[in-house]
Q: 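Have a look at this one.
Not measured: the values here are computed from a predicted model.
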Amino acid sequence: MKVLFAASECVPFIKTGGLADVLGSLPVALQKEGVDARVILPKYRIMDGYWQSRLTHICHFNILMGSRQVYCGLEMVEDNGVTYYFVDNLAMFGGEQVYTGDEQEGFRFAFFCRAVLEALPRIDFFPDVLHCNDWQTGLIPCLLRAQYGIDERYRAVRAVFTIHNLRFQGLFSFERMNRVLGLNSGYFSPDNLEFYGLMSFMKGGIVFSDRVTTVSPTYAEEIRTEYFGEHLDGLLRHRSHVLSGILNGIDTKIFNPADDRFISPHFTRANPANKQRLKRQLQEELGLEPRDSVPVISMISRLTSQKGLDLIACVLDDILRMDVQLVFLGKGDENFEALLLSAQARYPGRVAVRIELNEGLAHRIYAGSDMFLMPSQFEPCGLSQLISLRYGTIPVVRETGGLKDSIQAYNMYTDEGNGFSFSNYNAHEMLRTLETAVGYYYDDKDMWKRLIKRAMSCDFSWKASAKTYARLYAELLGVPLPKKKRAPSVAADDKKE
């Protein structure tokens with residue numbers, strides 16, 4: 001079974017958000033399930049020089065974009081058992097940002113979509129399934145059906161489209177885009193690509209794919225409603241027979257408190273004592289008052305209203321009336337950045353804010369915090385709550401999307417649950433939930449220790465989700481599940497305990 005993932009970003013090459021983490025982990029997990037999973041993405045000039053130097057040139061050719069012949073290079077590298085292909089065009093992907101948010105971005109990713117399809121015969125890999133991700137690849141299923149079906153090799157390819165965040169839809173002028181795409185004008189209709197007078201890349205992926213998935217079961221239900229559907233809920237209800245939700249996993253090798261390269265000392269579920277030492281280190285690194293007894297509540301996120309920053313803005317001073325310390329890491333809207341920096345100035349030693357993207361610091365925050373706050377307005381899956389569980393940092397979340405699917409609210413009567421949650425998007429409901437969690441932290445140390453061990457026992461690796469994706473591909477193709485790859489045999493003396 002051959003699967004080619006198309007995406008705009010992928011760890012370890014380029015990352016702006018959770019999409020990159022998924023593309024960096026899922027193909028690796030699928031390889032273990034016997035799937036020949038590969039990835040194709042743009043070659044950005046800002047990609048790390050280490051990876052640039054390892055790329056091997058495959059070929060170059062011209063792509064017809066309207067009346068112009070446009071250069072397209074193909075390069076590749078193998079890493080961790082997966083083959084990665086890169087579409088090279090400096091004019092398209094030579095800027096200082098992955099995403100620009102302007103009209104030119106439509107042309108860049110229209111070119112990428114065309115390049116993916118043109119690349120297939122040149123990389124000698126015609127996949128059984130083309131698995132496209134988010135709006136940047138949404139035109140691939142449309143072009144596949146509209147313009148490449150004359151070739152039986154393309155006709156045999158099945159398209160899967162995954163929605164990672166429905167809010168970002170890739171909306172551009174159809175007239176301008178079609179000058180380079182050359183689609184029949186009939187494709188600009190409500191049944192196809194037209195969306196309130198514009199062309200929607202996202203809609204192309206939803207309409208023309210054989211299967212549509214999203215990144216959690218609850219989000220798959222939510223986006224069929226008006227509140228979460230971003231004006232595509234009618235279409236998603238119409239296509240509900242091909243829509244499903246599969247919860248994302250995390251890379252448990254990268255996020256592993258037992259050998260995380262960004263933290264020292266390490267700790268495990270069986271022996272979590274060093275977590276307290278990491279907390280003290282974090283307090284000292286961020287300029288917080290070094291106190292073992294105070295709970296550290298952290299948030300690593302884009303600083304936007306989607307992530308619940310407007311709720312925090314409403315009750316920030318109320319939260320700090322409790323004896324807690326707050327840590328924020330991320331970038332986003334200027335008004336929220338200013339709000340948090342003001343709080344840091346007003347509450348020295350109690351609030352730490354870092355307006356940056358810093359992978360190492362993020363790992364140290366996950367490891368050294370007591371609670372992790374995610375009050376999202378909507379959350380397709382969320383990876384931070386899964387990572388925080390891995391490090392024994394207890395999530396406090398709103399019950400939406402993947403947060404609802406992964407966090408079970410603590411029940412004092414049954415002593416079950418792995419976090420705390422609230423239902424309504426309401427600042428004071430969030431505040432009451434935080435007060436409950438902080439109360440347990442101070443008043444019931446034995447319960448909190450059990451909660452940490454239960455959190456660290458949760459398995460949110462890609463293993464189960466990769467099996468579900470493999471099953472989806474097999475059902476789509478009408479073939480048996482592939483045979484799993486056998487792990488290489490290891491001599492008894494060489495086995496690690």
Side-chain angles (χ1 to χ4, degrees), residues 1-11 15-30 33 35 37-41 82 109 112-113 116 127-144 157-170 200-224 228-230 232 235-236 239-251 378-383 386 401-402 405 462 464-477:
M1 188 186 294
K2 298 182 293 184
V3 178
L4 180 63
F5 285 84
S8 58
E9 55 186 271
C10 174
V11 165
K15 175 181 176 179
T16 69
L19 170 64
D21 291 305
V22 174
L23 268 292
S25 303
L26 177 55
V28 176
L30 283 168
E33 296 299 319
V35 177
R38 307 186 188 188
V39 181
I40 187 167
L41 63 154
V82 175
F109 286 105
F112 176 65
C113 290
V116 169
D128 300 305
V129 176
L130 248 175
H131 192 146
C132 305
N133 294 269
D134 263 355
W135 74 261
Q136 295 87 355
T137 61
L139 287 184
I140 293 175
C142 176
L143 296 173
L144 178 66
V157 176
R158 296 292 173 261
V160 173
F161 182 70
T162 294
I163 301 166
H164 295 262
N165 192 330
L166 191 63
R167 176 162 288 183
F168 303 104
Q169 298 183 8
S200 169
F201 282 46
M202 175 70 76
K203 190 175 178 183
I206 296 170
V207 170
F208 291 96
S209 294
D210 300 288
R211 294 287 188 277
V212 180
T213 72
T214 189
V215 289
S216 70
T218 294
Y219 192 58
E221 295 293 331
E222 289 176 340
I223 59 177
R224 301 179 218 190
F228 292 97
E230 304 291 346
L232 287 170
L235 172 61
L236 290 162
R239 301 228 72 203
S240 60
H241 61 291
V242 300
L243 172 64
S244 59
I246 302 172
L247 189 69
N248 281 340
I250 58 171
D251 189 322
F378 66 94
E379 194 65 61
C381 176
L383 298 179
L386 307 181
D405 292 328
W462 273 106
S465 296
K467 289 179 183 294
T468 306
Y469 275 111
R471 193 177 305 114
L472 181 147
Y473 301 146
E475 291 173 355
L476 178 58
L477 297 169

Q: Any idea which heavy atoms bring Leu30 and Ala466 closest together, and the distance?
A: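 Closest pair (atom of Leu30, atom of Ala466, distance): CD2-O, 3.5 Å.
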Q: Once the angle between the rings of His131 and Tyr469 is folded into 0 to 90°, is it parallel (under 30°), tilted (30 to 60°) or perpendicular (over 60°)?
A: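 Because their plane-to-plane angle lies in the 30° to 60° range, the rings of His131 and Tyr469 count as tilted.
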Q: Would you mind reporting whether Lys15 and Asp21 have side-chain heavy atoms less than 4.5 Å apart?
A: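 Side chain of Asp21 against side chain of Lys15, heavy atoms only: contact under 4.5 Å found.
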Q: Could you go step by step and tell me if Val28 and Asp251 meet the side-chain contact (heavy atoms from CB on, under 4.5 Å) rule?
A: CA-CA 10 Å; Val28 176; Asp251 189 322; over 6 Å; no
Q: Just wondering, do Trp462 and Val22 contact through their side chains at under 4.5 Å, heavy atoms?
A: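 Heavy-atom side-chain distance check passes, below 4.5 Å.
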Q: Minimum heavy-atom separation for Leu166 and Gly229, please, with both atom names.
A: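 It is CD2-O, 3.2 Å.
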Q: So do Val116 and Thr137 actually touch side chain to side chain, heavy atoms under 4.5 Å?
A: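 Of all side-chain heavy-atom pairs linking Val116 with Thr137, none is under 4.5 Å.
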Q: Would the distance check show the side chain of Glu9 and the main-chain N or O of Leu19 forming a donor-acceptor pair, the cut-off being under 3.5 Å?
A: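 A pair under 3.5 Å: no.
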Q: Which heavy atom in Leu143 sits nearest to a heavy atom in Cys113, and how many Å separate them?
A: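 Minimum heavy-atom separation between Leu143 and Cys113: CD1-CB, 4.2 Å.
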Q: What's the separation between atom CG in Leu236 and atom CD1 in Ile206, rounded to the nearest 0.5 Å?
A: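 Reported value, rounded in 0.5 Å steps: 4.5 Å.
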Q: Atom CG in Asn248, atom CG in Leu386: separation rounded to 0.5 Å?
A: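 Answer rounded to 0.5 Å: 8.0 Å.
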Q: Measure the CD-CG distance between Glu33 and Leu26 for me, rounded to the nearest 0.5 Å.
A: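 Result: 10.5 Å between the selected atoms.
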Q: Return yes if some donor-acceptor pair links the side-chain N/O of Asp405 with the main-chain N/O of Thr218 below 3.5 Å, else return no.
A: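 Yes.
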Q: Could you state the interatomic distance from CG (Leu476) to CE (Met1), rounded to the nearest 0.5 Å?
A: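 The distance works out to 9.0 Å.
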Q: Just by distance, do the side chain of Asn133 and the backbone of Ala6 share a donor-acceptor pair under 3.5 Å?
A: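 Between the backbone of Ala6 and the side chain of Asn133 there is a qualifying donor-acceptor contact (under 3.5 Å).
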Q: Kindly give the heavy-atom pair with the smallest separation between Arg224 and Ser240, and that separation in Å.
A: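 The pair with the smallest heavy-atom distance is NH1-CB, 3.3 Å.
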Q: According to salt bridge (Lys or Arg N to Asp or Glu O under 4.0 Å), does anything in residues 129-143 pair up with another residue at least two apart or in another chain? List the pairs.
A: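 Listed once each, the pairs would be none.
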Q: Identify the two heavy atoms, one from Gly205 and one from Ser209, that lie closest to each other, and give their separation to 0.1 Å.
A: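 Closest approach of Gly205 to Ser209, heavy atoms only: O-OG, 2.7 Å.
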Q: Specify the closest pair of heavy atoms between Glu222 and Phe228, including all atoms of both residues, with the distance to one decimal.
A: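 Reported closest heavy-atom pair: O-CB, 3.2 Å.
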Q: Show me the donor-acceptor pairs, under 3.5 Å and distance only, between side chains in residues 210-217 and residues at least two apart or in other chains.
A:
unit_1 : atom_1 : unit_2 : atom_2 : d
Asp210 : OD2    : Arg145 : NH2    : 2.7
Asp210 : OD2    : Ala159 : N      : 2.8
Thr213 : OG1    : Thr162 : OG1    : 2.6
Thr214 : OG1    : Ile163 : O      : 2.7
Ser216 : OG     : Tyr219 : N      : 3.2
Ser216 : OG     : Pro380 : O      : 2.6
Ser216 : OG     : Gly402 : N      : 3.2

Q: Run the side-chain contact (heavy atoms from CB on, under 4.5 Å) test on Phe208 and Ile140 for me, step by step, so that the C-alpha distance in whole Å, both residues' side-chain angles and the decisive distance to 0.1 Å come before the verdict.
A: CA-CA 9 Å; Phe208 291 96; Ile140 293 175; over 6 Å; no
Q: Go through the structure and list residues passing ring-ring contact (aromatic ring centres under 6.0 Å, His included) with Phe109, not counting sequence neighbours.
A: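 Once residues adjacent in sequence are excluded, the partners of Phe109 under the ring-ring contact (aromatic ring centres under 6.0 Å, His included) criterion are Trp135.
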Q: Quick one: pull up SG in Cys381 and CG in Asn165 and give me the separation to the nearest 0.5 Å.
A: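 Spacing of SG (Cys381) from CG (Asn165) equals 11.5 Å.
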Q: Check the pair Phe161 / Met202 against side-chain contact (heavy atoms from CB on, under 4.5 Å), numbers first and verdict last.
A: CA-CA 9 Å; Phe161 182 70; Met202 175 70 76; 3.5 Å; yes
Q: Any donor-acceptor pair under 3.5 Å linking the side chain of Glu230 with the backbone of Gln169?
A: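 No.
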